[in-house]
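We count ligands from 1, going down the list as the structure has it; atoms in each ligand are counted the same way.
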Amino acid sequence: MKKISVIIPAYNEEESLPILYERMNNLMNSMKDYEFEMLFVNDGSKDRTIEIIKEIREKDNRVCYVDFSRNFGKEIAMIAGLDYATGDCVIFMDADLQDPPELIPELVKYWEEGYDDVYARRKSRKGETWLKKFTSKMYYKVLQHLTRVEIQRDTGDFRLLDRRCVNALKKLRESQRNTKSMFSWIGYKKKEVLYDRDPRVAGKTKWNYIKLIDLAIDGITSFTTSPLRLSTFIAIPTFIALFIYFIYVIVKCFIIHEAIQAFQAIILLILFFSGIQILLFGIVGEYLGRIFNETKHRPLYLVNEYNGEKEMNEQKLK
Ligand code: UDP
Ligand code: MG
């Protein structure tokens with residue numbers, strides 16, 4: 001019998017979990033041909049999330065959990081899920097039921113047809129502001145322009161991955177993760193499934209605009225180094241402008257014999273060049289920061305316990 005691991009990162013989700021378990025339980029019971037594992041990654045929740053997961057596990061040993069030593073963020077929770085999952089395929093799902101579990105049979109159907117990466121694409125996003133929808137749309141556009149790797153639009157992390165995708169993703173151990181770009185990067189046979197994204201069942205979203213901007217910048221810098229080329233693009237017109245201005249000054253001084261208003265020119269030039277310098281420093285700093293973090297070679301996360309057993313924190317790298 002084939003085994004499916006459903007990986008669920010959870011951070012302060014005490015209200016959603018009982019509803020999630022009920023819906024997943026119905027679904028798992030209806031799919032008799034498969035063995036299931038519901039792998040929760042408790043991302044350092046401050047509420048009763050881990051207690052509730054343990055209570056559910058008492059009744060149902062298909063439920064497994066990895067308990068982090070602190071909050072490491074969803075991206076890291078996802079790689080931990082991949083490290084600990086034992087299934088022939090894995091499915092990423094949010095704990096807040098925005099990704100309907102009822103879509104799982106369809107994902108599995110395409111997997112059985114031979115697809116390696118079956119991803120769910122949102123037809124609609126209920127319960128989200130137009131600003132969030134708009135910014136996310138623009139972001140995908142910009143990102144796609146910057147890279148040759150094809151990016152799937154309107155796709156979250158809700159997807160099914162075959163074991164060979166899992167093994168591929170486990171090899172990508174960079175510390176600043178943007179899993180979405182990794183799904184594109186690994187390639188393999190992909191299939192799209194459309195669905196309606198539901199609003200959260202309970203609790204509040206953990207995202208805010210600062211976090212989203214963080215994620216967006218990480219996405220671009222982890223995918224491509226083309227922002228580094230921005231310096232060239234800005235430098236070329238700058239030097240052309242400088243050259244024209246230089247000719248203008250020479251002509252005015254020596255041919256027309258007219259004094260130039262020096263202070264205006266100086267102020268404008270100072271603002272102009274300091275602006276450019278700050279921008280370029282920012283970009284260089286961006287990459288420097290990434291190099292700094294990668295060269296530390298820290299483990300991506302630390303586990304407190306796995307299914308009740310204390311972890312000695314040797315990273316699972318099978
Ligand atoms: N999550 C997590 N760690 C975090 C933030 C969020 O594991 O630091 C989990 C959260 O519990 C949920 C999923 O990631 O299962 C998506 O989070 P959320 O619903 O807040 O994001 P949104 O759907 O609004 O983008
Ligand atoms: Mg959500």
Side-chain angles (χ1 to χ4, degrees), residues 5-24 38-53 56 63-85 90-101 103-104 119-137 139-140 152-159 175-180 183 195-216 218-219 300-304 306:
S5 297
V6 183
I7 300 174
I8 308 168
Y11 176 54
N12 296 347
E13 299 283 4
E14 57 179 6
E15 294 158 88
S16 318
L17 289 183
I19 317 169
L20 172 70
Y21 174 68
E22 207 187 292
R23 270 172 71 177
M24 277 302 294
M38 246 177 115
L39 179 64
F40 286 99
V41 183
N42 177 41
D43 188 10
S45 301
K46 294 185 181 63
D47 61 2
R48 291 192 63 251
T49 299
I50 188 66
E51 281 84 5
I52 292 170
I53 294 170
I56 301 174
V63 173
C64 304
Y65 64 86
V66 178
D67 182 31
F68 275 180
S69 63
R70 64 170 170 86
N71 178 262
F72 282 91
K74 186 186 175 188
E75 300 284 330
I76 301 291
M78 287 169 73
I79 181 72
L82 292 176
D83 289 342
Y84 282 83
V90 308
I91 296 173
F92 283 117
M93 216 170 77
D94 282 0
D96 57 6
L97 285 167
Q98 282 195 285
D99 309 325
L103 200 71
I104 290 178
Y119 60 94
R121 179 169 165 181
R122 303 180 277 253
K123 266 192 296 191
S124 66
R125 308 170 81 171
K126 290 174 213 150
E128 288 183 24
T129 60
W130 71 266
L131 189 63
K132 187 164 174 192
K133 288 184 218 171
F134 175 77
T135 43
S136 115
K137 198 173 154 191
Y139 173 62
Y140 278 116
Q152 291 102 41
R153 270 188 206 185
D154 289 327
T155 311
D157 300 315
F158 188 26
R159 64 173 68 217
S175 58
Q176 281 157 339
R177 305 182 72 78
N178 186 271
T179 313
K180 220 169 275 176
F183 293 143
Y195 79 112
D196 289 306
R197 189 159 168 90
D198 296 324
R200 252 179 176 278
V201 279
K204 271 199 306 235
T205 174
K206 274 93 208 170
W207 291 107
N208 54 39
Y209 272 93
I210 306 263
K211 270 196 184 175
L212 280 180
I213 291 169
D214 256 18
L215 193 73
D218 270 359
L300 295 177
Y301 55 87
L302 294 175
V303 172
N304 178 34
Y306 172 57

Does any N or O in the side chain of Asn71 come within less than 3.5 Å of the main-chain N or O of Asp43, such that one atom is a donor and the other an acceptor? yes

If you compare all heavy atoms of Thr179 against all heavy atoms of Met78, which two are closest, and at what distance to 0.1 Å? CG2-CE, 3.8 Å

Smallest separation among heavy atoms of Ile7 and Ala85, with atom names: CD1-CB, 4.2 Å

Can you confirm whether more than 12 heavy atoms, excluding those of Glu51, are under 6.0 Å from its CD atom? yes

Any Met24 side-chain heavy atom under 4.5 Å of Val63 side chain: no

When you look for heavy atoms under 4.0 Å from ligand 1, do you find them on the side chain of Val41, its backbone, both, or neither? neither

Looking only at protein heavy atoms, what sits closest to atom 17 (O) of ligand 1 is Trp207 NE1, 4.0 Å

So which heavy atom on Ala216 is nearest to which on Tyr139, and how close? O-OH, 3.2 Å

Regarding Thr49 and Glu13, do their side chains bring together a donor and an acceptor under 3.5 Å, going by distance alone? no

Test applied, side-chain contact (heavy atoms from CB on, under 4.5 Å); reference residue, Asp99; option that passes from Met93, Arg159, Arg122: Met93

Would you name the heavy atoms of Ala80 and Val41 that are closest together and state the gap between them? CB-CG1, 4.4 Å

Can you tell me which residue and heavy atom of the protein come closest to atom 18 (P) of ligand 1, and the distance to 0.1 Å? Arg200 NH2, 3.5 Å

Taking all atoms of both residues into account, what is the closest heavy-atom pair of Lys46 and Asn12, and its distance? N-OD1, 2.6 Å

Interfacing atoms of ligand 1 (cut-off 4.0 Å, heavy-atom, Gly73): 3 (N), 8 (O)

Write out the residue and atom name of the closest protein heavy atom to atom 1 (N) of ligand 1, then the distance separating them to 0.1 Å. Tyr11 CB, 3.8 Å

Close-contact set for ligand 1 against Glu13 heavy atoms, below 4.0 Å: 10 (C), 11 (O), 12 (C), 15 (O)

Phe183 ring center within less than 6.0 Å of Tyr119 ring center: no

Going by the angle between their ring planes, with limits at 30° and 60°, are Tyr84 and Tyr301 parallel, tilted or perpendicular? tilted

List every atom of ligand 1 that sits less than 4.0 Å from any heavy atom of Asp43, numbering the atoms from 1 in the order shown and giving each element. 2 (C), 3 (N), 4 (C), 7 (O), 8 (O)

Report, in ascending order of atom number, the atoms of ligand 1 lying under 4.0 Å from any heavy atom of Ala95. 15 (O)

of all protein heavy atoms, closest to atom 8 (O) of ligand 1 is Asn71 ND2, 3.2 Å

At a cut-off of 2.8 Å, list the protein N/O/S atoms near the Mg ion (ligand 2), residue plus atom name. Asp96 OD2, Gln98 OE1

Is Ile210 atom CD1 crowded by more than 12 heavy atoms from other residues, nucleotides or ligands, each under 6.0 Å away? no

Can you tell me the protein heavy atom closest to atom 24 (O) of ligand 1 and the distance? Thr205 OG1, 2.7 Å

Taking only non-hydrogen atoms of Asp96 and a 4.0 Å limit, the atoms of ligand 1 in range are 19 (O), 23 (O)

Write down the atom of Pro9, the atom of Ala95, and the distance for their closest heavy-atom approach. O-CB, 3.8 Å

Protein contact to atom 16 (C) of ligand 1 [nearest heavy atom, distance to 0.1 Å]: Asp94 OD2, 3.4 Å

Would you say Pro9 and ligand 1 have an N/O pair spaced under 3.5 Å apart? yes

Name the closest protein heavy atom to atom 14 (O) of ligand 1, giving the residue it belongs to and the distance to 0.1 Å. Lys74 CD, 3.2 Å

For atom 20 (O) of ligand 1, what is the nearest protein heavy atom, given as residue, atom name and distance? Lys206 N, 2.7 Å

Just which atoms of ligand 1 are under 4.0 Å from any heavy atom in Gln98? 19 (O), 22 (P), 23 (O)

